[in-house]
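Here the structure is a predicted model, which means the values were calculated and not measured. Chain letters run A, B, ... following the sequence lines, proteins first, then strands; residues in each count from 1.
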There are 2 protein chains.
Amino acid sequence: MRLNLNKIKITMQVLKETLHKEGLRYTKQRQEIWNELRSSDKHRDAEEILFTLRKRGLKISRATVYRTIDVLVKNNLIDKLDIGDGRARFEYNDKYLHHDHLICTSCDKIIEFNNNEIEELQNKIAKQHNFKLLYHSHQLFGICKDCK
Amino acid sequence: MRLNLNKIKITMQVLKETLHKEGLRYTKQRQEIWNELRSSDKHRDAEEILFTLRKRGLKISRATVYRTIDVLVKNNLIDKLDIGDGRARFEYNDKYLHHDHLICTSCDKIIEFNNNEIEELQNKIAKQHNFKLLYHSHQLFGICKDCK
DNA sequence: AATTTTAATGAGACTAAATCTCAATAAAAT
DNA sequence: ATTTTATTGAGATTTAGTCTCATTAAAATT
Ligand SMILES: [Mn+2]
Ligand SMILES: [Mn+2]
Ligand SMILES: [Zn+2]
Ligand SMILES: [Zn+2]
């Protein structure tokens, strides 16, 4: 319990410092959106975040959700994920355990993987092209074990 | 010249056979869209294809472009590419020389790469998860050599 | 603590890519 | 040549995401 409360405090501090660094204000809505994303390992879309927070009694608009998500993505606090259905998903970005995704085209299940060899090869390719790698998007689409 | 004409004949035959296999008709519009994509190495969006063909005098609608693209993507004759600006791009799928992309977030340049080690690692990861890999999407975003 | 300054928010209008509808048309089968 | 059936075109519709602008709230100043 003690640890848990501290963890929340620390991640909220991360948000506060990021916003300060960008000259942005530490608002209730931004706190709630960040808390919602960092405390779950689901891949959420904007509308889902909006309605979850509204159900919880927060006064918040669609525009604010999209605007906040942009700030969080640009500052690498969350990652944007395209699973191929035209609706972007977002998830907490754990810098110490990066992962990419396998996506089942039959049941939409999302499976996470992390592979350091691929990460290294990506760096190597970028270097070969004298390209400054900022981020990447890597998805494997197919049929999961439960669907075949 | 002889070879060039034969090459066109062969790729048009590929389309004809694919459509036949799917119980679909070999129409003028489908021929022109396929010819447009297979004879260029650009990454085109739907609107671009539509206006190129109209400028060339073909009577064709937006709906037909999108519908045909879907057929070609599903049959692996072309690949769909998401460069992160909300507009899908399409390109000829050369089965004998697969490639993925580096995308400059500053000038939108698209650089192609192919790396067999990564392709093999993808297969390995899919196998580990008992996942039938159908296709993948792999983009490296950053700043190209001309922009930095 | 009250006031001033300035950025953020909410409601809903707007945009743009992609999809859908349905009457007219053209490909293929007969 | 005629019939059958899929395809097309025009434009309406959907939907994720963005924009506007009056109102509100955070932070700076007094
Ligand atoms: Mn994930
Ligand atoms: Mn390419
Ligand atoms: Zn599945
Ligand atoms: Zn560039």
Side-chain angles (χ1 to χ4, degrees), chain A residues 12-13 15-36 43-75 78 80-90 108, chain B residues 12-13 15-36 43-75 78 80-90 108:
Chain A
M12 293 320 283
Q13 197 56 31
L15 176 67
K16 197 168 186 175
E17 280 163 14
T18 302
L19 292 174
H20 190 81
K21 185 194 70 190
E22 296 272 299
L24 301 172
R25 290 176 179 178
Y26 185 63
T27 67
K28 192 97 211 357
Q29 287 81 354
R30 284 171 178 162
Q31 290 168 46
E32 294 283 346
I33 292 166
W34 167 235
N35 191 50
E36 189 57 28
H43 303 88
R44 335 268 312 265
D45 66 40
E47 211 75 357
E48 220 178 302
I49 295 166
L50 176 65
F51 283 103
T52 302
L53 294 179
R54 278 188 176 167
K55 224 176 291 169
R56 208 174 288 161
L58 183 69
K59 187 163 193 289
I60 189 165
S61 72
R62 172 172 296 106
T64 295
V65 172
Y66 278 105
R67 286 185 289 226
T68 300
I69 279 171
D70 281 351
V71 173
L72 299 178
V73 169
K74 276 186 190 125
N75 287 279
I78 62 173
K80 187 177 181 171
L81 174 62
D82 171 27
I83 67 165
D85 66 353
R87 213 167 347 125
R89 307 302 154 98
F90 304 91
D108 296 329
Chain B
M12 294 320 283
Q13 197 56 32
L15 176 67
K16 196 167 187 174
E17 280 164 15
T18 301
L19 292 173
H20 190 80
K21 183 195 69 185
E22 296 273 298
L24 301 172
R25 289 174 181 181
Y26 185 64
T27 66
K28 191 98 209 1
Q29 287 81 353
R30 285 172 178 162
Q31 289 168 47
E32 293 284 347
I33 292 166
W34 167 235
N35 191 49
E36 189 56 27
H43 303 90
R44 336 267 313 263
D45 65 42
E47 211 74 355
E48 220 178 303
I49 295 166
L50 176 65
F51 283 102
T52 303
L53 294 180
R54 278 187 177 167
K55 224 176 290 168
R56 207 175 288 162
L58 183 68
K59 188 165 193 288
I60 188 163
S61 72
R62 171 171 296 107
T64 295
V65 171
Y66 277 105
R67 286 185 287 227
T68 301
I69 280 171
D70 282 350
V71 174
L72 299 178
V73 168
K74 276 187 190 124
N75 286 278
I78 62 174
K80 186 176 183 173
L81 174 63
D82 170 28
I83 67 166
D85 67 352
R87 213 168 348 126
R89 308 301 153 97
F90 303 91
D108 296 330

A.B. asks: Need one value for A46(B): base, sugar-phosphate or nothing, where a base atom within 4.0 Å counts as base even if backbone is also close, heavy atoms only.
C.D. replies: nothing

A.B. asks: Under a 4.5 Å cut-off applied to non-hydrogen side-chain atoms, are L19(B) and T27(B) in contact?
C.D. replies: no

A.B. asks: Rounded to whole angstroms, how far apart are CD1 on I69(B) and P on dA18(C)?
C.D. replies: 8 Å

A.B. asks: Grab the CD-P distance between E48(B) and dA16(C) for me, whole Å please.
C.D. replies: 17 Å

A.B. asks: Would the distance check show the side chain of R30(A) and the main-chain N or O of R25(A) forming a donor-acceptor pair, the cut-off being under 3.5 Å?
C.D. replies: yes

A.B. asks: Does T27(A) place a side-chain N or O at less than 4.0 Å from the phosphate oxygens OP1/OP2 of dA7(C)?
C.D. replies: no

A.B. asks: Taking for each residue the nucleotide of DNA chain C bearing the nearest heavy atom, is the 5' side occupied by Y26(B) or by K80(B)?
C.D. replies: K80(B)

A.B. asks: Heavy atoms only, 4.0 Å cut-off, all strands: where does R25(B) land among base, sugar-phosphate and nothing?
C.D. replies: base

A.B. asks: DNA chain D: K59(B) or A63(A), which has the more 5' nearest nucleotide?
C.D. replies: K59(B)

A.B. asks: Could you check whether any side-chain heavy atom of K16(B) comes within less than 4.5 Å of a side-chain heavy atom of H20(B), counting everything from C-beta outward?
C.D. replies: no

A.B. asks: Between R30(A) and dT9(C), does any side-chain N or O lie under 4.0 Å from OP1 or OP2?
C.D. replies: yes

A.B. asks: Table please: side-chain donor-acceptor pairs of residues 43-55 of chain B below 3.5 Å, with sequence neighbours left out.
C.D. replies:
{"residue": "H43(B)", "atom": "NE2", "partner": "E91(B)", "partner atom": "OE1", "Å": "3.1"}
{"residue": "H43(B)", "atom": "NE2", "partner": "H101(B)", "partner atom": "NE2", "Å": "3.2"}
{"residue": "H43(B)", "atom": "NE2", "partner": "E112(B)", "partner atom": "OE2", "Å": "3.0"}
{"residue": "R44(B)", "atom": "NE", "partner": "E48(B)", "partner atom": "OE2", "Å": "3.4"}
{"residue": "R44(B)", "atom": "NH1", "partner": "E36(B)", "partner atom": "OE2", "Å": "2.8"}
{"residue": "R44(B)", "atom": "NH2", "partner": "E36(B)", "partner atom": "OE2", "Å": "3.2"}
{"residue": "R44(B)", "atom": "NH2", "partner": "T52(B)", "partner atom": "OG1", "Å": "3.2"}
{"residue": "D45(B)", "atom": "OD1", "partner": "E47(B)", "partner atom": "N", "Å": "3.2"}
{"residue": "D45(B)", "atom": "OD1", "partner": "E48(B)", "partner atom": "N", "Å": "2.8"}
{"residue": "D45(B)", "atom": "OD2", "partner": "R87(B)", "partner atom": "NH1", "Å": "2.8"}
{"residue": "E47(B)", "atom": "OE1", "partner": "R62(B)", "partner atom": "NE", "Å": "3.2"}
{"residue": "E47(B)", "atom": "OE2", "partner": "R62(B)", "partner atom": "NH2", "Å": "2.4"}
{"residue": "T52(B)", "atom": "OG1", "partner": "E48(B)", "partner atom": "O", "Å": "2.7"}
{"residue": "R54(B)", "atom": "NE", "partner": "I60(B)", "partner atom": "O", "Å": "2.9"}
{"residue": "R54(B)", "atom": "NH2", "partner": "I60(B)", "partner atom": "O", "Å": "3.0"}

A.B. asks: For the pair made of CG in L58(A) and P in dA8(C), what is the distance, rounded to whole Å?
C.D. replies: 17 Å

A.B. asks: Is there a side-chain contact between V73(A) and F90(A) (heavy atoms, below 4.5 Å)?
C.D. replies: yes

A.B. asks: Tell me, do W34(B) and I78(B) make a side-chain contact under 4.5 Å, heavy atoms counted?
C.D. replies: yes

A.B. asks: Is the distance from OP1 or OP2 of dT9(C) to the nearest side-chain N or O of S61(A) less than 4.0 Å?
C.D. replies: no

A.B. asks: In this structure, how many angstroms lie between the P atom of dA16(C) and the CG atom of D45(B), rounded?
C.D. replies: 14 Å

A.B. asks: Once you apply a heavy-atom cut-off of 4.0 Å, does Q29(A) come out as touching a base, just sugar-phosphate, or nothing?
C.D. replies: sugar-phosphate

A.B. asks: Just the rounded figure in Å: distance from P of dA17(C) to CG of D70(B).
C.D. replies: 16 Å

A.B. asks: Would you mind reading off the distance between K28(B) atom NZ and dA28(C) atom C1', rounded to a whole angstrom?
C.D. replies: 18 Å

A.B. asks: Side chains of D108(A) and I83(A): does their closest heavy-atom pair fall under 4.5 Å?
C.D. replies: no

A.B. asks: Can any side-chain N or O of N75(B) pair as donor or acceptor with the backbone N or O of V71(B) at less than 3.5 Å?
C.D. replies: yes

A.B. asks: Is it true that K28(A) and E32(A) have a side-chain N and a carboxylate O under 4.0 angstrom from each other?
C.D. replies: yes

A.B. asks: Identify the 5'-most and 3'-most nucleotides of DNA chain D with at least one atom closer than 4.0 Å to a non-hydrogen atom of chain A.
C.D. replies: dA16(D) to dA27(D)

A.B. asks: Rounded off to whole Å, could you give me the CG-to-P distance for the L24(A) and dT6(C) pair?
C.D. replies: 16 Å

A.B. asks: Could you state the CZ-C1' distance from R44(B) to dA17(C), rounded to the nearest angstrom?
C.D. replies: 18 Å

A.B. asks: Going by heavy atoms in the side chains, are K80(B) and R89(B) under 4.5 Å from each other?
C.D. replies: no

A.B. asks: Give the angle between the helix axes at the two ends of the helix from dA1(C)-dT30(D) to dT30(C)-dA1(D), taking five base pairs at each end and rounding to 10°.
C.D. replies: 30°

A.B. asks: Select base, sugar-phosphate, or nothing to describe what R67(B) touches, counting heavy atoms under 4.0 Å on all strands.
C.D. replies: base

